[in-house]
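Here the structure is a predicted model, which means the values were calculated and not measured.
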Number of protein chains: 2
Amino acid sequence: MPSISIRDVAMRAGVSVGTVSNVLNRPNLVAEATRERVRAAIGELGFVRNESARQLRQGRSRTFGVVLESLANPYFTDLARGAEAAMNTDGFDAVWCTSDGSAAKERRCLDFLEEQRVSGVIITPVGLDAERIAELHDRGLSVVVLDRRTYSSVCSTRVDHVAGGEIAIDHLLGRRHRRLAIVTGPLLQEPIKDRYAGATAAARRAGLTEQDLVTLVRNDMTPTAGKEAAQRLLEVDALPTGVFCANDLLAIGLVNELLRAGVKVPGEISVIGYDDIELAGTSVVPLTTVRQPRHELGWTAAALAVAEAGASGDHEHRQVVLSPSLVVREST
Amino acid sequence: MPSISIRDVAMRAGVSVGTVSNVLNRPNLVAEATRERVRAAIGELGFVRNESARQLRQGRSRTFGVVLESLANPYFTDLARGAEAAMNTDGFDAVWCTSDGSAAKERRCLDFLEEQRVSGVIITPVGLDAERIAELHDRGLSVVVLDRRTYSSVCSTRVDHVAGGEIAIDHLLGRRHRRLAIVTGPLLQEPIKDRYAGATAAARRAGLTEQDLVTLVRNDMTPTAGKEAAQRLLEVDALPTGVFCANDLLAIGLVNELLRAGVKVPGEISVIGYDDIELAGTSVVPLTTVRQPRHELGWTAAALAVAEAGASGDHEHRQVVLSPSLVVREST
DNA sequence: AGCCTAGCTTGAAACGATTCACGATCTTTG
DNA sequence: CAAAGATCGTGAATCGTTTCAAGCTAGGCT
């Protein structure tokens, strides 16, 4: 019951604590016979290293914190997997926190992670100003910002959502659609704003006028919100023939509701989503969408974080931009 | 850069380290003036408590580990939220790990958590025998098993999936369906097996024969697997008129594929799912399903874990069983 | 024999917080 | 006015690791 410590192991194996520690951390320094004796003792006693003590001594832990907005969107799951995979290959662990889009909760997550003395943080900032980021940095944490343009003084990795928005609209335009609608989420979120910016830019470039381009802004980006958007759309006089939804969940809710209302997709309305989550491919009408390299995004973020944490002194911050791509299915 | 410690704060405020610690942990023991002086010093220096040191001294951390099979299913998100909420109200934190259904990864998660000296573990065991559970227990961890019947020597909380399976089939039978199909996932997973057991029991009880009840076992429980199941079903001579899918993702994939094939739902085939994830309500054909009280499940698990961790000596293990309920929508 | 070297092992000093028995002051009371 | 509480603060011991200078041994070299 009283936790087994390295000291107990040392006693059992008839060596000093220093030697046990060496077996654990630099086994090559220890003679074969001793090493085996210590390992045996560890096994017999069921010793488990106390990370708290290790961290205390080393000043920093072997884990990184990842602060995401939510885990509700399958999008994040892949990202998380990518990040975790990259961490693990370098012998680090990842710990997940969610801010639920609230600045207060985000702050709590960061406090928690700071108290844990994590090596670094990967974060999609919600209420985080550059100042607080710099502060984290000064405390010796490596910081990687996910999917945000506006933090230039740290490493970051993101998808080029402006390009993504353009791809979507260009695709619709390429299919001869001239009356378009954009269903988007909260424009305060940078990636969402960018998709919207890219989309409108592409539309304008093609000479579309204000009334050829309806915009619906929703607070959520859930299937339910998509459903409501469809209902709203159906109230409009002239139905658009092409719709770009800022994510797949919105698109799925929207398509489903349109179908329920008897509108043919893609017959009467073409719909394109964003993300390429698994469900996109298995909807009633498999969804054309803009794919984000989510796994790669997570992987890159983790790699950057690890690199910075390992760098001694001269570290150069990098901003890695990944490109989205078009996945054509049946909804357009 | 050299992390600010309690000692620096003490120096700055002109008090001893003991006093600073008291301000942090039992502020009522400290005179108002001193308390404020210390708080000011903390603020000015940007002191952040080092959890490693605290844990080392206290022998145990204020966090619990939660080991889930995956985060890919939205089902887990709610569960996680419920658990986190309960933890937070009691001043604890939760740390998430995923086993991805692999015993090896599960072991790694547990090692990680043990090294962190978490107060306890909430887990849906994958490759975990009662022995290892007991071992964790002996080491002073509180253990709560999620959604498994077979561990009687620890606290656990689960949904009565046998009842859930019965509810589903009884509902179909109630709608006069006599030729049924069950699409299920890996029967090695206890909850899945239970749903199946409940379903077949209900069918047998109603006098259905072998050939009135087709069973399709899939390895995954994803929309893609549901889609494949639909294709398989369409190859069968006599199409069943009612289908029970062991989760909503399967059901959604299946319904979508049926619709694509021109089969009317619920006109020709009725489908009932399991879980009641958000998507169930927003499908083309809103899905009838068996709802699990996920949030409550998470909450209960956390509450049990906290209770056990707080209990001194005489703790009685409890098994809490929650009931699923029927949500009727349009797919039946 | 005497000296080096290489290879192992040792043991004590951190790391930063918490705890607790014990002082130091200040009030109250008989 | 002395004794007895009350109220606050103190500082050393402690938790379990890692680290590192120093010690020991055995063997090789001159």
Side-chain angles (χ1 to χ4, degrees), chain A residues 1-39 41-42 45-63 91 111-112 114-119 139-140, chain B residues 1-39 41-42 45-63 111 114-119 139-140:
Chain A
M1 158 107 89
S3 201
I4 307 293
S5 84
I6 216 178
R7 186 162 275 109
D8 303 310
V9 174
M11 204 155 279
R12 173 98 174 203
V15 298
S16 74
V17 294
T19 299
V20 177
S21 177
N22 279 337
V23 171
L24 256 28
N25 302 297
R26 295 108 100 200
N28 55 311
L29 288 189
V30 181
E32 166 104 24
T34 322
R35 205 190 309 151
E36 286 317 316
R37 202 143 33 90
V38 171
R39 292 221 168 109
I42 289 179
L45 295 173
F47 165 78
V48 176
R49 181 206 258 127
N50 185 325
E51 264 296 317
S52 301
R54 178 188 172 69
Q55 282 177 32
L56 173 58
R57 179 58 231 239
Q58 301 208 315
R60 191 109 288 175
S61 80
R62 287 172 20 266
T63 74
D111 287 346
F112 171 76
E114 269 204 89
E115 288 183 352
Q116 302 288 334
R117 296 291 190 275
V118 293
S119 287
R139 294 195 211 269
Chain B
M1 158 106 88
S3 201
I4 307 294
S5 85
I6 215 179
R7 186 162 274 108
D8 303 310
V9 174
M11 204 156 277
R12 173 97 173 203
V15 297
S16 73
V17 294
T19 300
V20 176
S21 176
N22 279 337
V23 170
L24 257 28
N25 302 298
R26 295 107 100 199
N28 54 310
L29 288 189
V30 182
E32 166 104 26
T34 323
R35 206 190 310 150
E36 286 317 316
R37 202 141 36 89
V38 171
R39 293 223 167 108
I42 289 178
L45 295 173
F47 165 78
V48 176
R49 180 207 260 127
N50 185 325
E51 264 295 316
S52 302
R54 177 193 179 58
Q55 281 178 34
L56 173 57
R57 181 57 232 247
Q58 302 209 314
R60 190 110 289 172
S61 80
R62 287 172 20 268
T63 75
D111 287 346
E114 267 203 272
E115 289 181 352
Q116 303 289 333
R117 295 292 190 274
V118 294
S119 288
R139 294 195 212 268

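Note on V15(B): only backbone sugar-phosphate atoms sit closer than 4.0 angstrom, heavy atoms only; bases stay farther off.
Of the residues in residues 48-63 of chain B, those lying under 4.0 Å from DNA chain D by heavy-atom distance are L56(B), R57(B).
Taking OG from S16(A) and CZ from R7(A), the interatomic distance works out to 10.5 Å, rounded to the nearest 0.5 Å. Interatomic distance, CD of E51(B) versus CG of L56(A), reported as 12.0 Å (0.5 Å rounding). To the nearest 0.5 Å, atom CZ of residue R60(B) and atom CD of residue Q116(B) are 11.5 Å apart.
Between the CG atom of L24(B) and the C1' atom of dT19(C) there is a distance of 14 Å, given to the nearest Å. N25(B) has its CG atom 12 Å from the P atom of dC20(C), to the nearest Å. The CZ-C1' distance, from R37(B) to dC8(D), rounds to 12 Å in whole Å. Taking atom CZ of R117(B) as the reference point, atom C1' of dA17(C) lies 17 Å away to the nearest angstrom. Taking atom CG of L29(B) as the reference point, atom P of dT18(C) lies 13 Å away to the nearest angstrom. Remark: C1' of dG16(D) and CD1 of I4(A) are 13 Å apart, rounded to the nearest angstrom. E114(A) places its CD atom 13 Å from the P atom of dA17(C), with the value rounded to the nearest Å. Distance CG (N22(B)) to C1' (dC8(D)): 9 Å, rounded to an integer number of Å.
In this structure, the nucleotide among dC8(C), dA17(C), dA12(D) sitting nearest to the side chain of S5(B) is dA17(C).
Phosphate contact (OP1/OP2 of dT19(C), side-chain N/O of R26(B), threshold under 4.0 Å): present. For dT18(D), one of the phosphate oxygens OP1 or OP2 lies less than 4.0 angstrom from a side-chain nitrogen or oxygen of S21(A). Between dT10(C) and S16(A), a contact under 4.0 Å exists linking OP1 or OP2 to a side-chain N or O. Side-chain N/O atoms of S3(B) include none lying less than 4.0 angstrom from OP1 or OP2 on dG16(C). Contact check, T19(A) against dT10(C): a side-chain N or O comes under 4.0 Å of OP1 or OP2.
Taking each heavy atom of R35(A) and P27(A) in turn, the nearest pair found is NE-O, 3.2 Å. Summarising the geometry of R37(A) relative to A13(A), their closest heavy-atom pair is NH1-O, 2.6 Å, with the distance given to 0.1 Å. Of all the heavy atoms in R12(B) and A41(B), the pair that sits closest is CG-CB, 3.6 Å. Residues G91(A) and R62(A) share a closest heavy-atom pair of O-NE, 3.7 Å. Across all non-hydrogen atoms, the minimal contact from V48(B) to R117(A) is O-NH2, 2.8 Å.
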Report, one pair per line, the protein and nucleotides 21-28 of chain D atoms (nitrogen or oxygen only) whose separation is under 3.5 Å.
none

* Show your reasoning for whether side-chain contact (heavy atoms from CB on, under 4.5 Å) applies to V38(A) and V30(A). => CA-CA 10 Å; V38(A) 171; V30(A) 181; 5.9 Å; no
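Rounded to 10 degrees, the angle separating the terminal helix axes of the helix from dA1(C)-dT30(D) to dG30(C)-dC1(D), each built from five base pairs, is 60°.
Contact annotation: the side chain of V15(A) approaches that of V20(A) to within less than 4.5 Å [non-hydrogen atoms, C-beta and beyond]. The side-chain heavy atoms of I6(A) and S21(A), taken from C-beta on, include a pair separated by under 4.5 Å. At least one side-chain heavy atom of R54(B) sits less than 4.5 Å from a side-chain heavy atom of N25(B).
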